[in-house]
Number of protein chains: 2
Amino acid sequence: MSQKIFVSAKEVADRAGVSRSAVSRTFTPGASVSAETRRRVLEAAEALGYHVNHLARGLMRNESGLVCLIVSEMDTPYRASLIRAISRHLQNASKIAMLINTDRSDRSVDEALKLAISYRADASIVLSGMPEKSITDLCVKSGQRLVLINRDEERAGALMINLRDQEAARQAFIAFQRAGCRSFAFANSDVGTPSLMAREEGFCAAGREFGVDVIVERFGATRYQSGVVLAQRLLTREVRPDAIFCANDLLACGLMDTARHQFKLAVPDDLCVVGFDDIEQTSWSSYQLTTFAQPVDRIAEEAVLWLSQPMTDSGRFCRMTPDLVWRESVRGG
Amino acid sequence: MSQKIFVSAKEVADRAGVSRSAVSRTFTPGASVSAETRRRVLEAAEALGYHVNHLARGLMRNESGLVCLIVSEMDTPYRASLIRAISRHLQNASKIAMLINTDRSDRSVDEALKLAISYRADASIVLSGMPEKSITDLCVKSGQRLVLINRDEERAGALMINLRDQEAARQAFIAFQRAGCRSFAFANSDVGTPSLMAREEGFCAAGREFGVDVIVERFGATRYQSGVVLAQRLLTREVRPDAIFCANDLLACGLMDTARHQFKLAVPDDLCVVGFDDIEQTSWSSYQLTTFAQPVDRIAEEAVLWLSQPMTDSGRFCRMTPDLVWRESVRGG
DNA sequence: ACGGATGTTGCACTCGCTTGCAAAAAGAGG
DNA sequence: CCTCTTTTTGCAAGCGAGTGCAACATCCGT
């Protein structure tokens with residue numbers, strides 16, 4: 001359809017009166033070219049608007065410079081900020097992010113990875129969904145690096161970045177106790193993502209540890225609207241919880257808003273809330289939510305670092321600790 | 001560094017006992033292959049885990065399937081949702097998004113476009129910043145399609161998608177008047193993006209049209225925190241405005257929160273607010289902001305459509321009308 | 001059985017680039 | 001000035017695919 005007419009190394013070579021190899025070497029760091037030749041090549045390249053064809057280069061070098069980002073619900077604040085951080089770090093490492101949206105189904109993560117293979121991506125970073133083992137094996141076998149973020153299922157040869165969700169949950173529990181709360185609840189989505197379940201599990205475990213009952217309610221996706229529903233369910237119980245740990249900040253925002261506007265409860269006086277992620281909105285004055293900060297930048301850094309390291313068969317676990325950011329949604333602090 | 005060992009068409013051919021061309025044809029829609037050959041090829045491909053190398057294919061076809069998305073502050077709600085919509089539409093058109101972050105400087109948009117050329121992207125979509133004319137010319141000359149969203153400066157050969165910002169601003173003004181407001185203000189960022197300036201201009205023009213003064217205040221980036229500052233400046237004036245049109249929703253959120261919490265003003269009783277973008281947060285019950293909805297999905301659709309159309313030299317303007325979404329931040333409605 | 005139409009297949013060239021190798025040029029040392 | 005070493009340079013062979021062309025096979029009608 002389109003007539004793309006990019007200028008090629010041959011044309012630059014002709015104009016500069018040198019061989020095609022000379023042009024190639026000029027644009028290959030560390031190759032042997034005399035200063036004079038380089039000058040003439042660069043001049044010709046500039047005049048013609050030449051840019052090395054990375055596709056062809058990747059073909060030869062067997063290294064495309066492309067890294068595949070596999071994400072669903074990428075407009076969600078936490079995801080968006082992670083994408084941003086990763087893309088920044090990738091660019092610093094002279095790589096470039098290919099974005100693949102997997103909103104449709106779970107199978108589409110597999111499709112995405114196949115696409116990554118087709119484009120000979122140097123690596124894939126999975127932010128959501130969990131790929132089939134057969135596919136990840138194919139990736140690793142093909143020499144493609146694989147990073148799984150917050151997926152928590154083992155895959156040979158991959159880097160798995162996870163947070164200490166359970167410990168964080170315990171910490172939240174203790175914070176609630178210090179604030180004098182008596183009735184504890186966990187507000188979760190019902191998608192069952194491992195990291196969300198780990199938070200739930202950790203919170204319940206803390207309840208058992210301290211001999212306190214914990215109510216668990218699950219509903220919908222990890223979005224604001226689910227938080228609304230969760231609030232309605234939790235706050236209409238005969239013993240109304242006065243401490244709710246939300247699986248993530250979006251839920252917490254929906255829950256807080258509903259608690260305040262629909263149930264006329266004061267946060268933190270009548271109800272303490274803790275969230276997870278530390279999305280930007282939690283710092284807005286309508287929320288001032290106490291929450292656990294995902295170390296987004298460090299996650300991105302770690303992921304990108306892994307891409308440039310020699311491949312190991314075993315894979316690697318990387319666990320990070322989320323920091324508890326104290327704001328106003330829990331008494332005391 | 002990494003030893004990538006992808007399986008090639010040659011290996012598949014060998015295993016299936018056919019020529020390499022047969023393999024190629026099997027994966028080329030519309031090519032002539034017998035059912036039997038196709039079957040054997042597909043079988044061998046499956047067994048070996050073969051996937052066509054899109055880079056090599058792109059090299060031959062002179063069509064990479066890559067589309068470059070050039071964005072800054074991509075974790076901002078509006079940007080994120082636009083990115084999501086575009087990536088979805090691209091995937092439907094069997095293309096794939098390369099994400100380039102231009103947070104650093106304005107010059108980096110040019111760098112990004114050069115990168116796009118290097119990767120022989122079929123097109124580039126610019127969501128932020130404005131590239132040099134020389135660079136866009138190079139893109140168009142190279143046969144690369146170019147889409148500029150909300151940029152509002154003319155570039156030959158490109159598709160320029162814009163909203164009717166001025167008309168929207170006028171509509172906001174009228175809504176304020178209907179609500180009985182008496183003192184009007186426009187809260188803007190000071191980055192001077194054309195679309196933001198158009199909204200300001202449209203609002204001021206409406207003021208002149210109706211013979212009413214309009215206060216304009218500009219500060220910072222188009223973010224929540226700037227909204228806070230703008231509120232502090234606007235709401236401490238001797239004649240306090242009771243109608244504020246914000247250049248975008250993030251500003252509006254910051255401004256509303258500050259008006260309520262710091263100045264103890266009731267929205268919409270003491271102060272009416274209108275925003276722009278219709279980001280998700282505006283529907284949260286803490287805000288219920290009346291705002292103009294960017295037709296994100298239609299923008300994405302239009303952009304992607306353009307990519308598959310034959311190239312014209314002239315370029316094309318596409319103006320869309322944002323819908324006013326009535327919520328609770330303006331009386332009446 | 002034969003001529004012709006139709007459908008498949010493989011050869012070989014091409015896309016734009018990198019790189020090993022050997023020839024040519026430049027520099028060093030006597 | 002000649003020889004030996006070090007750069008620099010061009011040639012040509014890839015990388016993994018697509019495709020025009022000609023050869024071949026298949027099938028049909030007569």
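All heavy atoms count here, side chains included; hydrogens, waters and symmetry mates do not.
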Nearest-angstrom distance from the residue atom CE of B:Met60 to P of C:dG16: 10 Å
Phosphate OP1/OP2 of C:dG16: any B:Tyr119 side-chain N/O under 4.0 Å: no
Closest nucleotide among C:dT18, D:dA17, C:dT9 to the B:Val33 side chain: C:dT9
Minimum-distance nucleotide (side-chain atoms of A:Leu59 versus C:dT18, C:dG20, D:dC15): D:dC15
Gap between atoms CZ and P, on A:Arg40 and D:dT9 respectively (whole Å): 9 Å
Spacing between A:Tyr50 atom OH and C:dG16 atom P, to the nearest angstrom: 10 Å
Residues B:Glu301, B:Arg298: salt bridge by 4.0 Å N-O rule: no
Sugar-phosphate only, base, or nothing, as touched by B:Ser34 at under 4.0 Å among non-hydrogen atoms: sugar-phosphate
Gap between atoms CG and P, on B:Asn62 and D:dG16 respectively (whole Å): 20 Å
D:dC15 phosphate, OP1 or OP2, under 4.0 Å from B:Ser8 side-chain N/O: no
Side-chain donor/acceptor contact of A:Ser21 with base of D:dC11 under 3.5 Å: yes
Touch class at under 4.0 angstrom, heavy-atom based, for A:Ser24 against every strand present: base
Contact nearer the 5' end of DNA chain D, comparing B:Arg25 with B:His51: B:His51
Earlier contact from the 5' end, DNA chain C, for B:Ser32 and A:Val23: B:Ser32
Closest approach of A:Arg25 to A:Ala31 (non-hydrogen atoms, all atoms of both residues): O-CB, 3.6 Å
Side chains of B:His51 and A:Leu138 in contact at under 4.5 Å (non-hydrogen atoms): yes
Selection from C:dA12, D:dT9, C:dC17 that lies nearest to any side-chain heavy atom of A:Arg20: C:dC17
Qualifying residue, where the test is side chain to side chain contact (heavy atoms under 4.5 Å, CB included) with A:Val23 and the options are A:Thr37, A:Leu42, A:Val18: A:Val18
Between A:Thr76 and A:Arg223: side-chain donor-acceptor atoms closer than 3.5 Å: yes
Length of the CD-P vector between B:Glu36 and D:dA25, whole Å: 17 Å
Residue A:Ala9, side-chain heavy atoms: nucleotide from C:dC17, D:dA17, C:dG10 that is nearest: C:dC17
Distance, rounded to the nearest Å, where B:Glu63 contributes CD and D:dG16 contributes C1': 18 Å
Euclidean distance, atom CZ of residue A:Arg57 to atom C1' of D:dG14 [Å, nearest integer]: 17 Å
Among D:dA17, C:dT18, C:dC17, the nucleotide that comes nearest once only the side chain of A:Ala56 is considered: C:dC17
Distance in angstrom units between B:Lys10 NZ and C:dG10 P, rounded: 12 Å
